[in-house]
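Everything on this sheet refers to the single structure shown next.
Numbered from 1 within each chain, the chains take letters A, B, ... in sequence-line order. Just so it is clear, the structure is predicted and the values come from calculations on it, not from any experiment.
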Amino acid sequence: MPVLTLAAVRDVRQLSASVWKMTLYSPELARPAKPGQFVHIKCGEGNFLRRPISVCNAQGDTLTLVFERKGAGTRYLSERRAGEKLDILGPLGNGFELRKGRYLLVGGGIGVPPLLYAAKSAESADAVLGFRTKDAVILEDEFRAACGEVTVATDDGSYGTYGTIAAPLREMLASGGYAGVLACGPRAMLRAVAEICAEHSVPCQVSMEERMGCGVGACLVCACKTREGGARAMRRVCKDGPVFWAEEVCW
Amino acid sequence: MPVLTLAAVRDVRQLSASVWKMTLYSPELARPAKPGQFVHIKCGEGNFLRRPISVCNAQGDTLTLVFERKGAGTRYLSERRAGEKLDILGPLGNGFELRKGRYLLVGGGIGVPPLLYAAKSAESADAVLGFRTKDAVILEDEFRAACGEVTVATDDGSYGTYGTIAAPLREMLASGGYAGVLACGPRAMLRAVAEICAEHSVPCQVSMEERMGCGVGACLVCACKTREGGARAMRRVCKDGPVFWAEEVCW
Amino acid sequence: MADLNVTFAGVPFKTPVVVASGTFGFGREYGEIFDLSRLGGICVKGLTLRPRLGNPPPRIAETPMGILNSVGLQNPGVDRFIEEELPYLKTLGTNIIANISGETVEEYAEMAEKLSDAGVDLIEVNISCPNVKAGGAAFGTSCDAAASVTRAVKRAARVPVMVKLTPNVTDIAEIARAVEDAGADAVSLINTLLGMRIDINTRRPVLKNNTGGLSGPAVFPVAVRMVWQVRRAVKIPICGMGGISTGEDAVEMMLAGADIVAVGTALFRDPFAAIRVTEGIVRYLDEHQIENVTEITGKVLLN
Amino acid sequence: MADLNVTFAGVPFKTPVVVASGTFGFGREYGEIFDLSRLGGICVKGLTLRPRLGNPPPRIAETPMGILNSVGLQNPGVDRFIEEELPYLKTLGTNIIANISGETVEEYAEMAEKLSDAGVDLIEVNISCPNVKAGGAAFGTSCDAAASVTRAVKRAARVPVMVKLTPNVTDIAEIARAVEDAGADAVSLINTLLGMRIDINTRRPVLKNNTGGLSGPAVFPVAVRMVWQVRRAVKIPICGMGGISTGEDAVEMMLAGADIVAVGTALFRDPFAAIRVTEGIVRYLDEHQIENVTEITGKVLLN
Ligand SMILES: Cc1cc2nc3c(=O)[nH]c(=O)nc-3n(C[C@H](O)[C@H](O)[C@H](O)COP(=O)(O)OP(=O)(O)OC[C@H]3O[C@@H](n4cnc5c(N)ncnc54)[C@H](O)[C@@H]3O)c2cc1C
Ligand SMILES: Cc1cc2nc3c(=O)[nH]c(=O)nc-3n(C[C@H](O)[C@H](O)[C@H](O)COP(=O)(O)OP(=O)(O)OC[C@H]3O[C@@H](n4cnc5c(N)ncnc54)[C@H](O)[C@@H]3O)c2cc1C
Ligand SMILES: Cc1cc2nc3c(=O)[nH]c(=O)nc-3n(C[C@H](O)[C@H](O)[C@H](O)COP(=O)(O)O)c2cc1C
Ligand SMILES: Cc1cc2nc3c(=O)[nH]c(=O)nc-3n(C[C@H](O)[C@H](O)[C@H](O)COP(=O)(O)O)c2cc1C
Ligand code: FES
Ligand code: FES
């Protein structure tokens, strides 16, 4: 049951050249929030649409969001100050399906933050986190605290393992024993993760992105093409997702 | 020569139920400003057009504006806080033509503030200030400090003289000796002032209002119909005005 | 409190505020957020005879105070709508308006018949969708085509018929007259204005469909003008829409000539927009001591 | 730094950014604020054969991210323009584009002849003004009328002729083709969309003229779409306008098909808008290592 609420900004700080972390006080949002869900934020008077941002963490009455400054909306968010209020609709979407067991979390770039809350909520978890370069690495300490094994990879090898998440993912899956994989990141990465998981027969959930209107499932703009038992369907990222079973997505 | 500048808000305070006073630090605006000129203020991202507000006072590097909260733009202005900056274009318009001698200032409602700077700039001045009711009276002390004689009139007689400014204006003009009348207020009042001044053969300048676009004289939306030596013309309130000789205005 | 009841094309509406087709799905989602019985009516997502997957994403682009959409009539088809969605909708205590699009005149008629049998309150004939190849706006830009769709639907329908007009025409009043003459019980306007946005870094249109329909506050002054023009051209009632987001906007649209209004894109910014619009209308009527909302329709005083 | 030179309809422009007719007067006012030689050109306020007082005020209404105007072609007439304004304009070191409106085809031709003699760089034929009774948009909504005005002006003019199209039509590409066939050297678009605002307290339209033309960011996606449609329909160059306020907007308009762009209403919010647009184009070209601005025109990649 999403609510529309004014959440109080507690803190906004920069994590890297283009990524910010925002802490909000909002029992209405923080308490019901599940890992993989998102909130839909009004970004001032100049930006017509709300912006979807995933829950990075929810603890007690506090909600944490981590976002990249891309355009006017996220710029607006990055310029908020403690004490201001934000008009937020949420929590929205289905979130990850978490059962018992050990999960492997696979994140790429700004797809990393939503996995933190999953890491904290899972019975146990390992993580493979991919970034472009050393300066883009975020939340490593937080993941190390919440996970068992954490592998950081950078595309240019400037930090951690050299290359994409594919090699470490293969290795860790080969070692076996995962109840499932939860992935969030660029579409090309998700597709690769889906394929690797299929090879290893590990159930894989992916968190998809699409441009949104209503955020609640009514306007059908956030379509994700899926197949379910042979039939093609257009599902709503905001309501049926953002988390989908990897094998259902038409990549 | 208008400038576009970021002016620092020093203070915003409420003068009456619907009127606010804003003090700005801005040498670029305050130094060149003349009585009767106005500034054109950007009112946030949600309001497309700038809002024209008259100079109420300019002293050293400080500019004072007094405005009524009417709609979204003036609401935005009333919500500014000390330390914020406003994007302002100005000073604009011609301003009052002040010669030697004693002037009679006639203001009605929110037309009163622009006359304060004229009062301070004139060699000497008296004032007749009209308001709807007692609670709407503003700037009385400031006018008493800057003028010789000050008559306050209220439409409902709840304060000062009962009725409009017409009667006190007639009386004071009858006593004679004014170099001119400067008037600002609702159109109907200005028209009455113009007629009374004509009866008394006293030169009268009126400050006109019209909805504005550019504010600098380029777009021709702020038309005021005038006659100049028999010929009809459309003059620009923002550039040829806002101050016009009363006898030139087609009422 | 002012009386909000309006009889529109013979159908009683308890408030003049409905939600616009395509912005409210089949009601279930917003039904989790507020009490749908507070609405005058729900125009459901556009229906077609057969199920449609719609256009590929991205289907939305932001514009200054507006959006472009290119959903392309994704819907389960009229039969599944009647089976799976209408029973729920009928429990909501508000008018249900079925919005229909066909590729041929016959398809429109067939759907109108099915939906009449199924018991919707009103049929909205969409001859103005800019996001589909066949049918859609092609019917809405010619008087003859608009009239022939209207006639066919009127013959098939046993509930009142409202025809939804496109703003992408030289003379909307002319189209309105054509559908009135063809028997329409009401008109609704405006559908979206055709628009385009391009991502300057990829050089590709933001919408996968390249172009899409503009809606939201940006189009409001165009919608007010068109409602006013149509009001002067026809006698049948008007459902006015296009950019309404406040009670003041709704009042303005009604003064221009709308009998009822629809709220669409504004919901994306404020899910309670339709309720706030309703409350704003009441506030206006009470402040101006107007007893019945019907008193303001078309009451603009020209300069 | 990227090369901004564009030859447009045979006329060299040192930047592709001009200011739109009616938003810049005859240049004097903004000339006090910035150096006008930094502009690619100035489209002057619309001229008519005889002086016009224009419409009564109010002539402007604010809308969400836009404005309505109903100036109605206030101008001193073409003769006084040539005598009193053109000499100053010619000193500015930028192209001067005369914008003309007539009530008859003959008036257009007469003005074109006078202005050619007087030595403007380009003539913009306004067949799209929504704010005058005779002439104006009436010529712009019919292919035949648009073509006949174009032919008459082309016969009379000895400088290149650009025809300014109205967006208030069902098919703008068709009108563009008609004026191209009639000999136009270029087209410019869009003029304003017809709109209306009503003051709900007085119940009167905000504009004394009741309706007016919508411009500003609100119309940008419609303008981009129309420029794109016209680009695919004609070979002559396009001056694209409608809601441009940043360099990014200008680039988007050029990708859609504009050879040069005009900045209008954005000036009211930011008097330096045209300069900032120019700087933004340079930044984009430099970042993308594009040497000449002409390389981006029409280079949208369809999905
Ligand atoms: C379910 C979901 C969860 C997300 N979680 C996060 C997160 O935790 N952290 C984070 O940094 N980003 C996240 N994103 C992406 C984020 O929504 C966009 O980066 C943001 O909307 C960009 O807005 P902008 O105004 O800064 O950029 P602009 O490019 O100016 O935005 C223009 C329009 O496009 C939309 N848009 C642009 N990029 C995207 C995108 N990738 N996905 C969806 N809409 C987009 C915007 O919402 C806006 O409507 C998420 C997206 C989705 C769909
Ligand atoms: C030269 C000049 C000087 C002015 N000086 C003052 C002043 O010192 N103090 C003061 O309180 N007011 C002054 N006004 C009036 C003031 O500009 C308007 O009250 C203000 O623009 C209203 O904006 P809004 O957004 O609050 O109202 P809205 O009604 O929401 O405004 C909508 C649009 O209409 C315009 N508008 C509405 N009323 C007026 C008006 N009376 N005159 C011009 N445009 C209007 C707005 O600028 C805006 O574009 C002056 C007007 C002019 C022309
Ligand atoms: C996402 C979206 C989907 C739409 N789908 C339909 C539709 O299926 N049928 C229809 O007639 N109109 C459709 N419309 C148009 C709206 O019903 C409405 O006419 C238009 O958006 C203008 O109103 P607004 O500005 O209040 O949204 C759609 C609009 C949007 C934004
Ligand atoms: C106040 C105003 C006056 C205008 N006058 C004219 C005119 O005289 N002739 C003309 O062809 N277009 C005129 N236009 C239209 C503009 O030139 C331009 O086509 C339109 O405003 C869209 O561009 P913009 O959104 O950048 O302003 C006028 C526009 C405005 C806002
Ligand atoms: S954003 Fe409206 S359905 Fe997903
Ligand atoms: S506001 Fe543009 S000329 Fe006065």
Side-chain angles (χ1 to χ4, degrees), chain C residues 56 61 63-68 141-142 166-171 193-212 214 216-229 243 245 248-249 251-256 284 287-288 296 299-303, chain D residues 56 58 61 63-68 141-142 166-171 193-212 214 216-229 243 245 248-249 251-256 284 288 296 299-303:
Chain C
T63 75
M65 279 300 118
I67 63 165
L68 295 175
T141 52
S142 129
T166 172
N168 301 299
V169 291
T170 308
D171 184 357
L193 277 157
L194 195 63
M196 187 181 203
R197 288 304 307 264
I198 300 167
D199 180 325
I200 63 174
N201 292 312
T202 63
R203 295 191 176 187
R204 293 196 176 274
V206 174
L207 298 173
K208 192 76 177 177
N209 198 43
N210 296 320
T211 59
L214 180 65
V219 308
F220 181 67
V222 174
V224 171
R225 180 263 295 184
M226 289 187 164
V227 165
W228 173 71
Q229 288 179 321
S245 39
E248 285 80 9
D249 294 343
V251 168
E252 191 169 336
M253 193 70 93
M254 297 183 85
L255 288 170
Y284 174 86
E287 269 168 21
H288 290 73
I296 63 174
K299 292 295 166 54
V300 58
L301 302 167
L302 291 190
N303 286 312
Chain D
T63 75
M65 280 299 118
I67 62 164
L68 296 176
T141 51
S142 129
T166 172
N168 301 300
V169 292
T170 309
D171 184 358
L193 278 157
L194 194 62
M196 186 181 205
R197 287 304 307 264
I198 300 167
D199 180 325
I200 61 173
N201 292 311
T202 63
R203 295 191 176 186
R204 294 195 176 274
V206 174
L207 299 172
K208 192 77 176 174
N209 198 43
N210 296 320
T211 60
L214 181 66
V219 309
F220 181 66
V222 174
V224 171
R225 180 264 294 186
M226 289 188 164
V227 164
W228 173 71
Q229 288 179 321
S245 40
E248 287 79 10
D249 294 343
V251 169
E252 190 170 335
M253 193 70 94
M254 297 183 84
L255 288 169
Y284 174 86
H288 290 74
I296 63 173
K299 291 296 165 52
V300 59
L301 302 166
L302 291 190
N303 286 313

Interatomic distance, CE@C/Met226 vs CG@D/Leu193, rounded to 0.5 Å, equals 8.0 Å

Heavy-atom contact with chain D under 4.5 Å, split by part of C/Gln229 = side chain

Interface residue of largest heavy-atom contact number with chain C, from D/Met254, D/Glu252, D/Met65, under 4.5 Å | D/Glu252

Could you have a look at D/Ile200, D/Asp199, D/Val169 and say which one has the most heavy-atom pairs with chain C under 4.5 angstrom?
-> D/Ile200

Distance, nearest 0.5 Å, that separates OG1 of C/Thr170 from CG of D/Leu194 = 12.0 Å

Nearest-0.5 Å distance, CG of residue D/Asn168 to CZ of residue C/Arg225 = 5.5 Å

Could you tell me whether a side-chain N or O of C/Arg204 sits under 3.5 Å from a main-chain N or O of D/Leu302, the two making a donor and an acceptor?
-> yes

Specify which of D/Leu68, D/Asn201, D/Ile296 makes the most heavy-atom pairs with chain C at under 4.5 Å.
-> D/Asn201

So do the side chains of C/Trp228 and D/Thr211 get within less than 4.5 Å of each other, counting heavy atoms only?
-> yes

Residue among D/Gly243, D/Gly216, D/Pro217, D/Ala256 with most heavy-atom pairs under 4.5 Å to chain C = D/Pro217

Between C/Leu207, C/Thr166, C/Ile198, which has the largest tally of heavy atom pairs under 4.5 Å with chain D?
-> C/Ile198

Quick one: does D/Asn210's side chain have a donor or acceptor within less than 3.5 Å of a partner on C/Asn303's backbone?
-> yes

